[in-house]
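First the structure, in the form of structure tokens, and then the observations on it.
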Amino acid sequence: MVRVRFAPSPTGPLHIGGVRTALYNYLFARKHNGTFILRIEDTDQARFVEGAEEYIMESLEWCGIKVDEGIREGGNYGPYRQSDRKDLYRQYADLLISKGDAYYAFDSTEDLEKKRKESEARGDTFIYNASVRGTLSNSLSISENDWKVKLQKGEPYVIRYKMPENEDIHFNDLIRGNIVVNTSTLDDKVLFKSDGMPTYHLANIVDDHLMEITHVIRGEEWLPSLPLHVMLYRSFGWNWPLFAHLPLLLKPDGKGKLSKRDGDKMGFPVFPLYWPYGEIARGYREDGYYPDAFINMLALLGWNPGTEQELFSIEELVDEFSIEKVHKSGSRFDPEKAKWFNHVYLQKKTNDQLAMEFREILRTKGLHYDISELEVLVSLVKERVNFVNEIWEQTDFFFRAPETFDKDVVAKRWKDDSPSVMKELMEVLEQINDFTPASAEKVVKSWIEAKNYNLGNVMNAFRLLIVGASRGPHMFDIISWIGKEETLRRIGRGVEILGSRNKQ
């Protein structure tokens with residue numbers, strides 16, 4: 001039975017790289033009829049941020065990533081928050097000490113900093129391992145009686161893993177293949193801290209074992225920790241899961257990992273939801289993205305099915321997904337492509353669905369319209385927008401007459417004869433009983449032809465008075481929606497304001 005987990009730390013908002021990790025775990029679990037687990041890894045209490053845990057769960061819920069076992073869902077392998085499992089980790093640290101694979105270290109922060117500076121002065125890199133541990137303050141370098149006295153006195157200590165000396169560690173990654181690392185390049189990582197909490201390395205391994213995790217699918221940043229994790233499994237005598245380390249999400253331009261700074265600079269979010277604590281950050285949900293568009297976009301950042309297909313439902317992603325098709329190299333994030341995905345998903349919505357969403361935006365502006373009216377409106381502009389909130393930018397003139405007129409358009413489109421022609425147009429429009437787009441267009445164009453007026457000049461001036469600028473959908477769709485009375489009122493007011501000004 002496949003069992004995978006997403007194990008974020010509640011230290012701030014969930015980066016979209018983390019969401020992608022959760023998504024790939026979820027897709028893999030569903031593909032193999034397995035179990036997707038959410039485990040909160042909060043062993044680093046100094047970096048814990050209030051509200052982050054709830055944010056993580058709400059983010060997954062918005063994305064449609066359903067958790068099978070977790071804090072809210074429960075399960076047979078809980079608790080699913082590491083701070084609630086605190087009491088069980090010490091026994092595993094003690095087990096490693098009894099096996100000779102871990103030891104007590106009493107070095108102070110000041111002593112270690114001094115050692116680092118001495119190494120740097122010699123042009124070396126300080127690594128706390130077999131090469132130096134015999135010269136430091138730990139249970140391997142001092143007598144058993146002395147270190148036991150230190151423990152009895154309550155002197156601060158940590159428990160470190162005893163990395164073997166000059167040994168090649170062989171392991172396999174499902175994405176990167178076979179990897180070999182020599183232990184001489186690795187340090188004796190702290191497994192248990194002086195505050196009584198395990199580090200990520202110990203808690204992670206113990207929890208994955210006890211929760212019977214079969215596949216660890218996580219970010220590339222954890223690849224350097226893999227040799228230690230494999231060694232810990234070996235020391236405990238446990239079978240280790242299969243590992244897959246996902247490629248980084250890269251910034252749109254330049255080098256490096258995608259960060260909030262990139263989003264702030266280029267105007268796009270890097271978090272799924274708005275983050276309201278401390279340094280606030282925008283979110284994809286609040287920016288108007290649909291969750292299925294967001295997930296579709298995210299799935300293709302690091303994976304593709306090997307075909308030209310770009311649009312996938314979550315069910316199709318489950319069917320197509322495989323670890324073997326995940327890329328090794330980093331994937332560059334494209335904010336314009338993200339907008340394109342949302343545009344495509346918006347076009348799939350019915351006019352009724354979009355009208356109901358747009359109605360909520362109008363209500364915040366104190367405007368109230370029937371859904372039937374708004375359906376007509378969204379049908380006119382939906383192809384022009386990427387987000388529902390952009391419909392207002394495309395239709396604001398439907399709801400309110402222009403208060404000003406674009407100076408560049410006035411200079412270019414408002415002719416000497418425009419006032420008199422527009423007054424004639426008012427008379428023509430007043431006589432129309434059927435104000436539907438097709439009927440009104442037929443009458444007006446017949447009048448233009450009969451008078452031998454220039455069609456472009458008339459329609460440009462007409463649009464200027466109704467809209468206030470050179471924008472918007474078909475003119476007769478606009479006037480049909482706002483109605484004859486409002487159309488005549490806008491023309492009259494516009495002629496009065498602009499008068500006979502030409503190219504001002």
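The analysis underlying the following values was restricted to heavy atoms, covering all of them including side chains, and did not include hydrogens, waters or symmetry mates.
Annotation: side chain to side chain contact (heavy atoms under 4.5 Å, CB included) contacts of Pro473 (sequence neighbours excluded): Leu380, Val381, Arg384, Phe397, Phe398, Ile478.
In this structure, Trp62 and Phe294 have tilted ring planes: the angle between them lies in the 30° to 60° band.
Summarising the local packing, NZ of Lys348 is surrounded by more than 12 heavy atoms from other residues, nucleotides or ligands at distances under 6.0 Å. Summarising the local packing, CD of Glu383 is surrounded by 12 or fewer heavy atoms from other residues, nucleotides or ligands at distances under 6.0 Å.
The distance from the CD1 atom of Ile371 to the CZ atom of Phe358 is 10.5 Å, given to the nearest 0.5 Å. Between atom CH2 of residue Trp481 and atom CD of residue Glu373 there is a gap of 5.5 Å, rounded to the nearest 0.5 Å. Atom OG of Ser372 is separated from atom CG of Asn351 by 12.0 Å, given to the nearest 0.5 angstrom.
Phe268 does not carry Lys339 over the face of its six-membered ring by the limits of under 6.0 Å from the centre and within 45° of the normal. Figure legend: cation-pi geometry between Arg285 and Tyr290 absent, as NZ or CZ is not positioned both under 6.0 Å from the six-membered ring centre and within 45° of its axis.
Between Glu220 and Arg176 there is a salt bridge, with a side-chain nitrogen of the basic residue lying less than 4.0 Å from a carboxylate oxygen of the acidic one. For the pair Glu424 and Lys451, the salt-bridge criterion is met [side-chain N within less than 4.0 Å of a carboxylate O]. Ion pairing between a basic and an acidic side chain is recognised when a charged N comes within 4.0 Å of a carboxylate O; Arg72 and Glu61 show such pairing.
Closest of all the heavy-atom pairs between His215 and Ile213 is O-CG2, 3.4 Å.
Within the structure, side chain to side chain donor-acceptor pair (under 3.5 Å) contacts touching residues 270-280 (residues at least two apart or in different chains) are Lys260-Glu279. Annotation: side chain to side chain donor-acceptor pair (under 3.5 Å) contacts involving residues 20-32, sequence neighbours excluded, comprise Arg30-Asp68.
Side-chain atoms of Tyr345 and Trp340, non-hydrogen and from C-beta on, never get closer than 4.5 Å to each other.
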